[in-house]
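Right, one structure below, let's go through it.
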Amino acid sequence: MTIYEKNISLLKAFGIPADDGDKAEKIRGILARLLAGRSLRLADMQTARDIAELSKINRPEVYLFLAAMFISMNKGNAFMKDGSELALLVNGAYLEEPYQMGFPETNEEYEASLKELYSNHSDDAWKDALTKDVIVHQDNRWFFQRGKEAVKSLNQLLNKLKEAQTFQEIPEEILTRATRFSFELNDEQKAAVKAATSQRFTIITGGPGTGKTTTVCAILRALLSVNTEWTEEDIALAAPTGRAAQRMQEAILDQCNGLANERICEIAKKLEGSTIHRLLGGYAPNWAHDEKHPLGKKVVIVDETSMADMYLMQALLRALPQDAQLILLGDADQLPSVDSGAVLGDLTQIGLNEDIVKRLKVCERNKGEISDISQAINQLSGDDNAVQVQTLVDGLTKIKVEELSCSPKSEEKQSVFRWYVPSPEIKKAEIMELYSKWMSGNSLADLAKNMPKNNPALAGTKSRESEELFRELNSRRILTLVREGWYGVKEANNYLLKQAKGANKSIDYLSLVGVPIMVTKNSNEWGLFNGDVGITVHGPYGMVVLFPRGEKTIVCPVSLLPEHELAYAMTVHKSQGSEFDNVLLVLPNDEKHPLLNRQIIYTGITRAKKLAVIVGMENVLKIALSQKLERNTGIELE
């Protein structure tokens, strides 16, 4: 049974739509395609059926309208604009390989037939019958009730927060000491430290290498110097993901180690990074902390805020004590959260004053072409930016496949950006050759094979050998926009695994030494988080996956490994918050692909510290750079 047939069968089984007329059959085919494109879930359409029944609307086209609403929400919007239904349905049903899934139409044919179908449904008076308890139509916007309430609440909380700015004055001598490490912070960082320590609400945004975490360490030093009664219990370090929270905890500890103030060092050692969910205690709507039961914290610091959706941010603000400070960190130019909203991006663009929003622009780490090009991407503006895009693309250095190689392991003073343009009639074999070339010289498997079974790393303590192994693990990575297709994650991982197996075709990859593994589901038992990447090695009692964890390691037997996948390649979305020496960013060979946008290019190339190579046709790259991902969020501050 093809995916098309399976989806049609499921929809019929659940009575979506309820009748079997010609119109219903056509609409069912559209919904089956939307399910295959993953812009809709079956649960969405089951809810749509319930809404139609509750509203007593017996018209098949209600499913198209509600499908468009769900697509809009699943794309991260808080509401759907009037008149945007057709565009949402067209883009939402884009399929990379429709014929292989059994669908009778190409993307172009589907678009034409959908437009024809939609033009015959000009009568939409039935929309007035949609139940007001579930759906709200206001100011040319269609909300689900939950989203409408969340937007209203979030706006109220943000307005209240920004109005309560006067907090405390930190003496200049304390600020001076706090901003001096073995190096001195730059003027932007010093200004951010002064603002964050003296007011209730601060946003610190900047790209990779601009020193956001170092700035936070200086903020903590200043706050702890003034508030001598504070302990680690008064400070919350949080992030949307466990992996991001763990990285912030490790970075702060690393910066504080060796400071003259022993009390601050001891507190830094005891600080524990947490997910926002864990900090709030549970899951919506049953949070342990809210306005009636606020967090017992004096300062809350949130890293990677760009990944936080509006519902999570609303819950955090509700639980923030009235006498606590809030510091949000993140890169506002990165991809927004997977779920609804773009809170960090909105807050840096809606006119908050410069005392609240502190921008770090000086890149202290990967100076050079990557930094220059990422800034040029962010400076592209307006809908008609074809000249700017063409100028940027014309300035890129192109390379041939034989020139493709990773940057040396030695420290580079200047980062490098290169562009590989595939042949016009691009074939799968050409991309696979790129993957082979990219991974050539990788010593990951050799380092893993040579690790002694009595190495301290296999008992949970970082060693010289494990440091070298993890350094090699992060020396190169393939990033893609998509999971499926021959330019997707699955194809790249399967091909590189096949090469790693060599003659051992039937061996399980968890029995093979030197295979990178990414956890895809949090495990409290093992202290592993979604996105953690480790490496398979021989342990004292069998195969294990070795994960880095600050000064320690996590050693997980392969038989007890949480949900996981191969990690030679990963999507750009999964790579957020990570850094690699060298990055190969592969674009799909389709200029109409819905994931092409400016933020995904920026996020992908800024994962690289030394070398970023983008692989894609010129027309595809130009389309991506010319499109900025915008979300309808409804965040409006007074």
Side-chain angles (χ1 to χ4, degrees), residues 38 41 43 74 76 236-253 271-289 295 300-316 319 329-330 334-341 343 460 470 473-474 477 483 489 493 509-510 515-536 544-567 569-579 607:
R38 297 183 181 179
R41 299 164 298 181
N74 293 340
L237 302 180
T241 69
R243 186 164 59 106
Q246 183 69 34
R247 278 197 309 271
M248 176 167 59
Q249 173 187 328
E250 293 170 359
I252 289 174
L253 177 59
L271 287 175
E272 183 178 350
S274 159
T275 63
I276 299 175
H277 283 88
R278 183 179 169 193
L279 177 67
L280 296 176
Y283 290 88
N286 301 314
W287 300 109
H289 296 284
L295 294 163
V300 176
I301 302 171
V302 182
D303 198 9
E304 298 290 355
T305 309
S306 62
M307 298 184 191
D309 63 69
M310 67 179 188
Y311 297 106
L312 193 56
M313 188 57 65
Q314 175 204 15
L316 177 64
L329 307 174
Q334 272 194 181
L335 286 165
S337 61
V338 174
D339 295 314
S340 297
V343 179
F470 296 140
L473 177 64
N474 290 322
R477 196 60 50 90
R483 293 189 60 80
V489 163
N493 279 326
Y509 65 82
L510 290 179
V515 176
I517 301 294
M518 179 169 62
V519 173
T520 57
K521 186 176 182 179
N522 292 347
S523 169
N524 292 329
E525 179 183 359
W526 288 99
L528 292 170
F529 305 112
N530 183 359
D532 276 341
V533 178
I535 183 79
T536 55
V544 300
V545 181
L546 191 64
F547 295 90
R549 189 64 86 236
E551 293 299 309
K552 299 180 180 180
T553 60
I554 294 177
V555 187
C556 183
V558 296
S559 60
L560 300 176
L561 197 62
E563 291 181 24
H564 60 277
E565 60 187 35
L566 294 168
M570 62 175 61
T571 62
V572 176
H573 282 84
K574 275 287 188 181
S575 75
Q576 287 190 88
S578 299
E579 289 182 336
R607 299 311 92 202

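Side chains included, hydrogens not; waters and symmetry mates left out as well; all remaining heavy atoms used.
Taking the side chain as every heavy atom from C-beta outward, Thr536 and Val544 never approach each other to under 4.5 Å. Residues Ser337 and Val343 fail the side-chain proximity criterion, which asks for heavy atoms closer than 4.5 Å. Side-chain contact between Leu237 and Ile252 is present, with heavy atoms from C-beta onward closer than 4.5 Å. Using a 4.5 Å heavy-atom threshold, the side chains of Val519 and Asn530 count as separate. Looking at heavy atoms from C-beta onward, Thr305 lies in side-chain contact with Met313 at the 4.5 angstrom threshold.
No option in Asp309, Leu312, Asn74 other than Asp309 meets the side-chain contact (heavy atoms from CB on, under 4.5 Å) test with Asp339.
Closest approach of Asn493 and Leu566 over heavy atoms only: ND2-O, 3.2 Å. Leu279 and Ala236 make their closest contact through CD1-CB, 3.9 Å (heavy atoms, listed as atom of the first residue, atom of the second, distance). Heavy-atom minimum distance, Trp526 versus Pro557: CH2-CD, 3.4 Å. Here the closest non-hydrogen pair linking Val489 and Ala569 is CG1-O, 3.8 Å. Residue Met248 comes nearest to Leu329 through the heavy atom pair SD-CD1, 4.4 Å, listed as atom of the first residue, atom of the second, then distance. Nearest heavy-atom pair across Val533 and Pro548 is O-CD, 3.6 Å.
Taking CD of Gln576 as the start and OG1 of Thr571 as the end, the distance is 9.0 Å to the nearest 0.5 Å. In this structure, Phe470 CZ and Ile535 CD1 are separated by 9.0 Å, a value rounded to the nearest 0.5 Å. The structure places NZ of Lys521 at 15.0 Å from CZ of Phe529, a figure rounded to the nearest 0.5 Å. Note: Ser559 OG to Leu510 CG = 9.5 Å, rounded to the nearest 0.5 Å. Distance check, rounded to the nearest 0.5 Å: OG of Ser578 to CZ of Arg607 gives 7.5 Å. Considering CG of Leu528 and CD1 of Ile554, their distance stands at 4.5 Å, rounded to 0.5 Å.
Comment: Glu565 engages Arg483 in a salt bridge, judged by a side-chain N to carboxylate O separation of less than 4.0 angstrom. Electrostatic pairing of Arg477 and Glu579 does not count as a salt bridge here, judged by no charged N lying under 4.0 Å from a carboxylate O.
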Derivation and outcome, side-chain contact (heavy atoms from CB on, under 4.5 Å), residues Glu272 and Arg278
CA-CA 11 Å; Glu272 183 178 350; Arg278 183 179 169 193; 3.0 Å; yes
Under the side-chain contact (heavy atoms from CB on, under 4.5 Å) criterion, do Glu250 and Glu551 qualify, and how do the steps go?
CA-CA 9 Å; Glu250 293 170 359; Glu551 293 299 309; over 6 Å; no
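Ring orientation note: the planes of His277 and Tyr283 are tilted relative to one another, at an angle of 30° to 60°.
With hydrogens and angles disregarded, no donor-acceptor distance shorter than 3.5 Å links the side chain of Thr241 to the backbone of Ala245.
Screening residues 524-535 for salt bridge (Lys or Arg N to Asp or Glu O under 4.0 Å), with sequence neighbours left out, gives Asp532-Arg549.
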